[in-house]
Asks: 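Just passing along the structure, written as structure tokens.
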Amino acid sequence: MNYRYWLFSILLFLVIALYTFVSFYSDEKNNVIENSYNLQRIHARQTSLSFREMFDNWKSILTYLAADENIIEMNKRGKENIRFLYKNLRNELKSITRVGADGKITFTAPYEEAIGLDVSSQAHIQEIFKTHKPVISDVFLAVQGFYAIVIHVPVFKNNKFDGTIALVLNFEKIAEKFVREVTIGKSGYALLISRSGTELYCPRRIHVGNNIKQTLHDDPNFANMIKRMLEGKEGTSLFYYDHASESYRKMRAFYMPIHLDGTYWSLAIVTSEDELTAGLADFRNKLLMLISAIFLGAVLFSYYAFKSWGLVKETEQRKKAEAKFRALLSNSNDIFMLINSEGVIQYVSSAIELLTGFEAGDIEGKSFEKFIHPEDLKNVVEVWDQVLQNERSLFRVEYRALKKDGKYIWLEAVGRNFLSEPHLNAVVVNIRDITERRIKDEEIRQKNEEITRFIYSVSHDLKSPVVTIRTFVDYMKENLKKNDVKKLSDDLTYIDKASEKMSKLIEDLLELSRLGRVSHKTEKLTLQEIVKDSLDLLAGQLKEKNIRIDVTDKPVIIYGDKDKLVDVFRNLIENAVKFTGDCEQPHIEIGVKESEEIIIYIKDNGIGIEPEYKNKLFGLFEKLNADYEGTGLGLTIVKRIIEIHGGRIWIESEGLNKGTTVFFTLPKTIIRG
């Protein structure tokens with residue numbers, strides 16, 4: 001070989017080797033940085049979910065308190081409730097405070113010496129007084145020496161704003177729980193700022209509570225990241241100023257907003273690039289050895305060397321991916337599963353115990369079919385068969401799953417077929433609890449059906465008197481022309497009856513709509529006084545039909561709204577009177593039965609009811625016989641009143657001409673022995 005060619009070939013090979021080295025090293029560095037961004041993103045999103053869940057829980061507690069009449073009035077019972085709640089939650093919060101509409105503290109636990117203090121000048125107080133919506137304050141230094149935040153929820157009295165109910169939380173403990181440990185590497189830290197720029201958390205404690213603009217450095221990249229965080233943006237950033245140590249070094253960060261009601265905080269996960277890439281030294285040394293071996297060795301040796309290195313790199317990436325995957329699963333409230341092609345569960349995350357009570361060991365190694373409700377199994381298996389036939393296909397299915405206590409919950413499974421992936425060789429499934437959503441969907445469906453039936457029934461029952469009125473108005477026009485006074489009088493009689501029927505129907509509809517919207521008063525009553533008031537209202541009908549009424553002499557005590565309960569007995573007794581038919585000795589009995597609960601009943605010896613119509617009678621406008629007077633709303637109103645009082649009602653009858661008995665219960669009813 002010519003020396004010059006040999007030298008040229010060596011030089012060319014050296015250039016290729018150097019290019020290969022730089023290219024591989026750069027790719028690996030970029031992979032490390034990208035992986036760090038992904039890990040930062042996972043930490044940030046998990047922290048965001050934790051914050052939102054925590055504040056939703058606190059807001060739910062405050063919303064419940066804000067609706068409590070005792071808290072609204074801030075009476076003795078309300079103060080006891082606040083003290084009790086604080087006693088049970090004192091490890092998690094610092095105080096519970098009721099602020100009046102004038103901006104003064106009406107009550108607080110435990111710092112009751114602050115009662116009467118005017119706090120209307122505080123920014124978060126001014127905001128909720130302006131918007132009447134829940135407010136989360138910025139971090140501030142409490143007089144007790146800790147950094148705190150306040151969550152406010154508005155209180156309304158008779159639909160009028162009446163101040164707030166608030167929780168004061170030690171934000172340092174919250175930050176320590178959710179933010180402090182959300183770091184990557186020894187140099188890593190988290191930075192949390194509010195929408196207005198207040199530093200909510202920073203490892204440098206002196207920064208906390210200050211506006212970040214006071215400590216903002218002139219590094220344009222860092223300043224640009226802060227600007228985007230204040231705008232609620234999400235992204236990654238490279239800058240050269242370490243805000244925590246106030247020193248210069250290359251830093252990489254992922255930032256994102258945490259949305260909390262009408263505001264948001266912004267979280268940044270920051271790590272030194274030097275620490276991120278420190279592990280590349282070993283990679284660089286091995287790569288140099290490989291390039292040297294290629295440079296000095298034969299083509300065959302270089303081929304096997306590259307192949308070996310490729311396997312090493314692939315193994316490392318797989319381990320990293322596996323570690324990230326398991327870290328993600330262990331911190332998620334959702335269930336993650338890996339299922340093989342035979343339907344056997346190979347892996348399940350620890351969230352399974354929280355949702356179903358089963359431990360991972362109870363589930364792994366078993367077929368998923370064993371934990372699915374029999375009625376849903378066919379649908380799930382059909383979806384599973386489709387998934388197996390399509391690689392990388394996405395699927396979604398809802399079903400009922402067995403819990404360890406034998407009950408079932410509704411779950412939603414979303415996943416993808418990765419059976420062809422050598423590192424997974426499984427179907428990856430993400431499962432979450434949708435029981436509450438299914439219950440709400442069913443409630444909405446039933447409400448919609450009820451509204452549809454209601455509209456149809458109202459339209460149908462209002463149409464009849466309207467048609468009657470219009471018909472006899474036309475007759476009146478003809479009879480006026482004929483000057484037929486008698487027929488005019490008859491026409492007016494029909495119109496009057498139709499309008500009276502329409503008026504009664506509208507009154508009953510209004511009464512039905514008011515039930516449930518107007519709070520009923522509760523008082524101590526006796527069965528006998530309620531029955532007496534009801535019988536007084538029906539004295540004329542009872543005397544006319546010569547009906548015998550027997551009322552139990554047992555001293556039955558009832559707690560409830562007297563007017564509403566009188567309506568119940570009046571309606572039921574009036575129905576019994578109406579349906580006594582042609583009975584020679586009409587008789588109505590009012591009494592009580594004692595079993596696991598006290599049951600009140602009204603029994604007649606009238607025309608009775610066929611069994612298939614017993615439940616139908618409580619529906620809107622339901623009448624078994626159109627010849628009887630009434631709008632068909634009486635029993636619907638009775639049922640609603642009983643349910644508002646927390647009771648239940650039902651009808652029993654052995655059949656036609658065998659009488660009818662109406663039973664109902666009311667909580668707290670007692671018989672004095």
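If you're wondering where the values come from, they're calculated on a predicted model, not measured in any experiment.
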Asks: Between Glu643 and Lys639 (salt bridge meaning N to carboxylate O under 4.0 Å), is one present in this structure?
Replies: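 Between Lys639 and Glu643 there is a salt bridge, with a charged N closer than 4.0 Å to a carboxylate O.
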Asks: Using ring-ring contact (aromatic ring centres under 6.0 Å, His included) as the criterion, list what pairs up with Phe371, not counting sequence neighbours.
Replies: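 So Phe371 forms a ring-ring contact (aromatic ring centres under 6.0 Å, His included) with Phe358.
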Asks: Tell me every residue that passes ring-ring contact (aromatic ring centres under 6.0 Å, His included) with His373, counting only those two or more places apart in sequence or in another chain.
Replies: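 If we apply the ring-ring contact (aromatic ring centres under 6.0 Å, His included) test to His373, skipping adjacent residues, the hits are Tyr408.
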Asks: A quick test of your reading: do over 12 heavy atoms of other residues, nucleotides or ligands sit less than 6.0 Å from OH of Tyr64?
Replies: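 Counting neighbours around OH of Tyr64, 12 or fewer heavy atoms of other residues, nucleotides or ligands fall under 6.0 Å, so no.
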Asks: How about CZ on Phe156, more than 12 heavy atoms from neighbouring residues, nucleotides or ligands closer than 6.0 Å, or not?
Replies: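 Yes - once you tally the heavy atoms of other residues, nucleotides and ligands closer than 6.0 Å, there are more than 12.
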Asks: Hey, is Arg98 close enough to Asp162 for a salt bridge, meaning N to O under 4.0 Å?
Replies: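 Between Asp162 and Arg98 there is a salt bridge, with a charged N closer than 4.0 Å to a carboxylate O.
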Asks: Other residues, nucleotides and ligands only: do more than 12 of their heavy atoms fall within 6.0 Å of CZ on Arg77?
Replies: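 No - once you tally the heavy atoms of other residues, nucleotides and ligands closer than 6.0 Å, there are 12 at most.
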Asks: Under the side-chain contact (heavy atoms from CB on, under 4.5 Å) criterion, do Leu93 and Trp58 qualify, and how do the steps go?
Replies: CA-CA 10 Å; Leu93 54 84; Trp58 286 122; 3.4 Å; yes
Asks: Are Phe161 and Phe129 an aromatic pair, judged by ring center distance below 6.0 Å?
Replies: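 Yes, the ring of Phe129 comes within the 6.0 Å limit of the ring of Phe161, centre to centre.
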Asks: Please indicate whether Asn88 has more than 12 foreign heavy atoms, meaning atoms of other residues, nucleotides or ligands, lying under 6.0 Å from its CG.
Replies: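 Above 12, so yes.
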Asks: Where the side chain of Thr164 meets the backbone of Val153, is there a donor-acceptor pair that is under 3.5 Å apart?
Replies: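 Flag not set: sc Thr164 to bb Val153 has no pair under 3.5 Å.
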Asks: Counting distance only, does the side-chain N/O of Glu369 pair as donor-acceptor with the main-chain N or O of Val381 below 3.5 Å?
Replies: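 Side chain of Glu369 to backbone of Val381: no pair is present.
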Asks: Hey, is CZ on Arg432 packed in by over 12 heavy atoms from elsewhere, all under 6.0 Å?
Replies: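 No.
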Asks: Hey, is Asp533 close enough to Arg570 for a salt bridge, meaning N to O under 4.0 Å?
Replies: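 The answer is no: the pair does not qualify as a salt bridge.
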Asks: State the CG-CD1 distance between Leu377 and Ile372, to the nearest 0.5 angstrom.
Replies: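 Answer for the CG-CD1 pair, Leu377 versus Ile372, is 5.5 Å.
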Asks: Taking Asp604 for the side chain and Thr660 for the main chain, is one N or O donor matched with an acceptor at less than 3.5 Å?
Replies: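 Yes.
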Asks: Taking Lys440 first and then Glu436, would you say they form a salt bridge - that is, a charged N and a carboxylate O separated by under 4.0 Å?
Replies: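 A salt bridge links Lys440 with Glu436.
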Asks: Suppose the criterion is salt bridge (charged side-chain N to carboxylate O under 4.0 Å, His left out): which pairs have a residue in residues 56-72, not counting sequence neighbours?
Replies: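 Of all non-adjacent pairs touching residues 56-72, those that pass salt bridge (charged side-chain N to carboxylate O under 4.0 Å, His left out) are Lys59-Asp261.
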